Amino acid sequence: MRALVPKGREAHPAAHYPGVVTIRLYDTSARQIRDFTPLKPGCVSIYLCGATVQAAPHIGHIRSGLNFDIMRRWFAHRGYEVTFIRNVTDIDDKIIAKSREQHRPWWSIGYENERAFNDGYTALGCLPPTYEPRATGHVPEMVEMMRRLIDRGHAYAADGNVYFDVRSFPGYLQLSRQELDNLLQPEGDGETGKRDARDFAMWKAAKPGEPTWPTPWGEGRPGWHLECSAMAHKYLGSAFDIHGGGLDLIFPHHENEIAQAKAYGDEFARYWVHNAWVTMAGDKMSKSLGNSVLVAEMVKQWRPIVLRYYLGTPHYRSMIEYSEEALREAESAFARIEGFIQRVVEKAGPVEPSAEVPPAFAEAMDDDLGVPQALAVVHTTVRQGNSALAADDKEAAVARLAEVRAMLGVLGLDPLDEQWAGEGGDRGDDLHGVVDTLVRMVLDQREAARTRKDWTTADAIRDQLGQSGLVIEDSPQGPRWSLGPR
C-alpha cells in the first residue's frame, strides 16, 4: 500500500500515560499540529460532513467515516464523553439530476443510498453517530439563519434566491488561503440576480419539477453549504470542538460554512480536521471518473475487517493508492495478528483486553492519531507474544494478547469483539463448517502417513492443501488450518 507521509508532523516529548492527557491534532486552519483543548473539560463535540446520497458509496466515501470513527474511539478511550454528529445531505443538485436521469422521486434515491451508506459504515465496524440529521428535516433552522444574515447585511434575496455577500465577511477564505480577487465560485443553474459573481447561494429559487419549501423569499430549496451550518448549530450549539471531512470539502463547502456561521454570530468549529483521499492511478476515487469501488461489492470479495484494516491503518492525512496487491498485503498482515490471537486462545482460553494500552501506542495515537506508528506497536507486541508461545511461557503470551486486544479495540479491529462475531453471515459460517470437515478428513490422512513415517505422502498432502490456498500449522494440540493470503 502506498501511503504518502503527511506534512506538518512535529517531534514532541513522550506523553504521560495514564495521567495528564494531551491529544494533538493537525488543524487545517492553522496549518500545524495543535494541542487539543476542549471547550468543555472531559467532553468533545465533533461534526463530520457525511454522505451526499445521490449514489451508493465507494470505499473512498467510507474512509472518511472510518477515520473519524477511530478518532472518536480514541477520545472515548482517553476518557472523553463524545458527541458525534454525522449529517446526511439528502437534497442537492446531484440528487435532483439523478432523479431526472432515473425517472424516480428524489426522496426514493436519497433513502436508498442513505441505507447503502449506513450498511457500509456498519459493515466496516463504524460506531453509529450520536445523531445523524438529514438536511430536509432542518429547513426551519435554515430559514432562521438566512433571516438573521439578511438582517445583519451579510445576505440578500434576488429572483427568489438568497445569496451570501462574501465581501461583507472579512474572514472569508482564511481556511483555504485563497485570494478573493482570484476566486472562481462554483455556480449552479438559475443563480441569477447576484451582486457579485463570487457570492454563493444559500437558497435556490423553485424550478419546475424540483422539490420546494416555503420561505419569506419564495418557494425553493436549500443550498448545500447552508445545510451544514444550520445542522451544526442545531446539534452542537454556537461553538463546538472539531469539524471534519475530506480534503475536497475545504473549498467551497467548509469555507462557505464558516462564513455563514460566523456572520450569523457563532464561534463555530475550533479545529478543522481533514482526511485524505483514496486514489486510483493518481486520481481521487469518484463516480464521475468511473473508477469507484463500491463498498457493497468489495465486502463480497474481502472480509470487512480486512477492508477496515486496509482503509483505517494508513495515517488519515495520507493518500491511499488503491490496488488489489495492497489489499492482499493488508490481508496477510492482519492474518498474522489473527493467527497469534487464535494460538493463544487455543492454549489459554478466552483473554479479556487489558484496561490500558501500552504507552508507546498511546503516545502514537495522541500525536495526531498516528495509527501507522500505533500499529507498529501492535505488530511488535504480536511478535513478543509469538516468542512467548515458542518458549511455552503461557503467562507472558496471555499478557501480550490482552494488550493486543486493547489496542485493536481502539482501532475497531479486534476480531474477538462482538461487532465482528457474525462476520461473513450465517451462510459463511455454514460453509466454514463444511470446509473444516473436509480439511480435517485430509489432515487425518496426513497424520496417518506421518504415524507410519511416510513423509513423502505427508508432505505431498500438505503441499496440495497449500496450493488450494490453505495454510497448515502443526501445533501441540494438533494440525490447524487457516486461509492463506490471496
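Note that the structure is predicted; figures quoted are calculated from it, not measured.
- In this model, a donor atom of one side chain and an acceptor atom of the other lie less than 3.5 Å apart for R343 and N386.
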Distance-only check: which donor-acceptor pairs under 3.5 Å involve side-chain atoms of residues 83-90, not counting sequence neighbours?
{"residue": "R86", "atom": "NE", "partner": "E132", "partner atom": "OE2", "Å": "3.2"}
{"residue": "R86", "atom": "NH2", "partner": "E132", "partner atom": "OE2", "Å": "3.0"}
{"residue": "N87", "atom": "OD1", "partner": "G50", "partner atom": "N", "Å": "2.8"}
{"residue": "N87", "atom": "ND2", "partner": "T89", "partner atom": "OG1", "Å": "3.3"}
{"residue": "D90", "atom": "OD1", "partner": "A135", "partner atom": "N", "Å": "3.3"}
{"residue": "D90", "atom": "OD1", "partner": "T136", "partner atom": "N", "Å": "3.0"}
{"residue": "D90", "atom": "OD1", "partner": "T136", "partner atom": "OG1", "Å": "3.4"}
{"residue": "D90", "atom": "OD2", "partner": "T136", "partner atom": "OG1", "Å": "2.5"}

If you look only at distance, which donor and acceptor atoms sit under 3.5 Å apart when one is on a side chain in residues 376-384 and the other is two or more places apart or in another chain?
{"residue": "H379", "atom": "NE2", "partner": "Y309", "partner atom": "OH", "Å": "3.0"}
{"residue": "T380", "atom": "OG1", "partner": "A376", "partner atom": "O", "Å": "3.0"}
{"residue": "T380", "atom": "OG1", "partner": "R383", "partner atom": "NH2", "Å": "3.1"}
{"residue": "T381", "atom": "OG1", "partner": "V377", "partner atom": "O", "Å": "2.7"}

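- Ring pair Y235/H138: centre-to-centre distance below 6.0 Å.
- For the side chain to side chain donor-acceptor pair (under 3.5 Å) criterion with H225, the lone passing option out of E257, E255, H253 is H253.
- Taken to the nearest 0.5 Å, the CG atom of L375 stands 5.5 Å off from the CD1 atom of I337.
- Partners of R115 by salt bridge (Lys or Arg N to Asp or Glu O under 4.0 Å), not counting sequence neighbours: none found.
- Using the six-membered ring where Trp is involved, Y80 and F75 have ring planes that are perpendicular, over 60° apart on the 30 and 60° scheme.
- Qualifying ring pair (Phe, Tyr, Trp, His ring centres under 6.0 Å) partners for F251, counting only residues two or more places apart in sequence or in other chains: none.
- Between the side chains of D366 and W74, a donor-acceptor pair is found at a separation under 3.5 Å.
- For residues 388-401, every residue pair satisfying the salt bridge (charged side-chain N to carboxylate O under 4.0 Å, His left out) rule, not counting sequence neighbours, is listed here: K347-D392, R400-E403.
- E112 has no carboxylate O lying under 4.0 Å from a charged side-chain N of K98, or vice versa, which leaves the two without a salt bridge.
- Below 30°, between 30° and 60°, or above 60°: for Y47 and F240 the angle between ring planes is between 30° and 60°, a tilted geometry.
- Annotation: salt bridge (Lys or Arg N to Asp or Glu O under 4.0 Å) contacts of D119 (sequence neighbours excluded): none.
- A salt bridge is absent between R328 and E331: the closest approach of a Lys/Arg side-chain nitrogen to an acidic carboxylate oxygen does not fall below 4.0 angstrom.
- For the residue pair T279 / E321, a side-chain donor-acceptor distance below 3.5 Å is found, with atom types taken as modelled.
- Ion pairing between a basic and an acidic side chain is recognised when a charged N comes within 4.0 Å of a carboxylate O; D454 and R452 show such pairing.
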